[in-house]
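Okay, structure first, notes after.
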Amino acid sequence: MSTTRAALVTGVDTELGAAVARRLGADGVRVVGHHRPGSAPGDTGPLEGTVSAAPADPDAVRDAVGRAAGLLGRLDVLAVCHARPHRAPLTALGPEEFWAHVDDTLTGSFLFAGAAAPYLARDGGGRIVLTASMWHVGGPGLAAVATAAGGIVALTKTLTRDLGPLGVGVNAVIPGLVDGEWLECDAAGLGTDTATLREHPGRSVPTGRLGTPDQVAATVAVLADGRLAAAVGQSINVNGGHLRTRT
């Protein structure tokens with residue numbers, strides 16, 4: 001059996017998920033991509049295969065992770081990138097819409113981590129990298145996003161304690177001010193619009209420029225490295241220095 005590292009990347013039908021799959025593949029990792037039913041993978045680079053599941057469906061997620069591990073012959077890395085942006089004024093946000101986003105994002109992260117843990121622990125040195133949004137700090141029109149993202153920060157710390165004794169390291173990457181599909185949430189949180197944010201990023205980003213999905217993917221790839229055994233339980237901000245909090 002090959003000892004080349006193997007990864008399941010969720011959400012390869014999103015910009016970030018596709019970028020993470022592409023980066024891990026370029027680093028020599030064998031990748032299976034997950035996408036939602038009815039969606040297609042983006043620009044992922046070569047994949048060992050794909051699996052499909054609704055992120056909040058426990059049985060479908062368990063089956064998808066099992067099929068991914070079967071295609072790869074092992075599983076060393078789970079990168080969870082299936083979240084999609086959601087923005088709505090509080091007065092227009094009903095409970096069904098709110099919980100649909102939270103379940104898809106936060107419950108989905110929990111389900112994928114739980115389903116992958118036995119495979120990741122089998123050979124030791126397994127890694128889980130969750131992804132969220134910098135708006136875990138809260139922002140206008142982002143009640144569902146903030147709730148899900150804040151939950152992922154807490155879930156990261158808890159999974160570290162549950163899975164650490166099994167040799168599985170868990171971290172999270174918290175992107176913001178990245179020129180991709182989530183920029184609409186950043187604009188809402190800053191009280192502006194995406195066009196203005198793209199034209200004048202220096203008003204909000206100390207680096208003076210927006211990040212890219214590829215840059216976020218590079219951070220995910222570093223945290224997916226099994227040699228970082230003691231670097232666990234961390235939520236790493238990737239937002240050009242806009243937020244300087246430690247999570």
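We number each residue from 1, following the sequence as shown.
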Side-chain contact, heavy-atom cut-off 4.5 Å: [X] with [Y]?
| X | Y | value |
| --- | --- | --- |
| Arg30 | Leu47 | no |
| Val31 | Thr44 | no |
| Leu93 | His86 | yes |
| Leu183 | Arg198 | yes |
| Leu78 | Arg127 | no |
| Pro175 | Trp182 | no |
| Ile128 | Leu163 | yes |
| Val205 | Leu210 | yes |

Between atom [atom1] of [X] and atom [atom2] of [Y], what is the distance when rounded to the nearest 0.5 Å?
| X | Y | atom1 | atom2 | result |
| --- | --- | --- | --- | --- |
| Leu8 | Asp76 | CG | CG | 11.5 Å |
| Lys157 | Ser235 | NZ | OG | 5.5 Å |
| Leu223 | Thr131 | CG | OG1 | 11.5 Å |
| Glu199 | Asp193 | CD | CG | 9.5 Å |

- request: Verify side chain to side chain contact (heavy atoms under 4.5 Å, CB included) between His34 and Val9, making sure each step is shown before the conclusion.
  value: CA-CA 6 Å; His34 152 271; Val9 178; over 6 Å; no
Please determine whether a side-chain nitrogen of the Lys or Arg among [X] and [Y] lies less than 4.0 Å from a carboxylate oxygen of the Asp or Glu.
| X | Y | answer |
| --- | --- | --- |
| Asp214 | Arg23 | no |
| Asp13 | Arg84 | yes |
| Asp104 | Arg36 | yes |

message: Can you classify the ring geometry of Phe112 versus His82 as parallel (below 30°), tilted (30 to 60°) or perpendicular (above 60°)?
response: tilted
- prompt: Taking it one step at a time, do Leu197 and Leu190 satisfy side chain to side chain contact (heavy atoms under 4.5 Å, CB included)?
  reply: CA-CA 9 Å; Leu197 195 50; Leu190 294 170; 3.9 Å; yes
field: CA sep, side-chain torsions, deciding dist, call: Leu111, Thr107, side chain to side chain contact (heavy atoms under 4.5 Å, CB included)
entry: CA-CA 6 Å; Leu111 291 175; Thr107 303; 4.0 Å; yes
query: Going only through I, L, V, M, F, W and Y residues with side-chain contacts under 4.5 Å, is there a path from Tyr119 to Leu166?
result: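 Yes; tracing contacts between hydrophobic side chains, which count when under 4.5 Å, links both residues.
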query: Transitively linked via ILVMFWY side-chain contacts under 4.5 Å: Val232 with Val153?
result: no
Backbone N/O of [Y] and side chain of [X]: donor-acceptor pair under 3.5 Å:
| X | Y | answer |
| --- | --- | --- |
| Glu15 | Glu181 | yes |
| Arg5 | Ala224 | yes |
| Thr147 | Ala143 | yes |
| Asn239 | Gly241 | yes |

Please name the pair of heavy atoms, one in [X] and one in [Y], separated by the smallest distance, quoted to 0.1 Å.
| X | Y | result |
| --- | --- | --- |
| Val20 | Ala79 | CG1-CB, 4.0 Å |
| Ser109 | Ile152 | OG-CD1, 3.8 Å |
| Cys185 | Pro85 | SG-CB, 3.7 Å |

task: Applying side chain to side chain contact (heavy atoms under 4.5 Å, CB included), run through Leu155 and Leu106 and close with a yes or a no.
output: CA-CA 9 Å; Leu155 181 63; Leu106 176 57; 4.3 Å; yes
- request: For atom CZ of Arg209, decide whether the heavy atoms of other residues, nucleotides or ligands shown that lie under 6.0 angstrom number more than 12.
  value: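 12 or below, so no.
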task: Have a look at Val80 and tell me which of Val220, Leu130, Thr105 forms a side chain to side chain contact (heavy atoms under 4.5 Å, CB included) with it.
output: Leu130
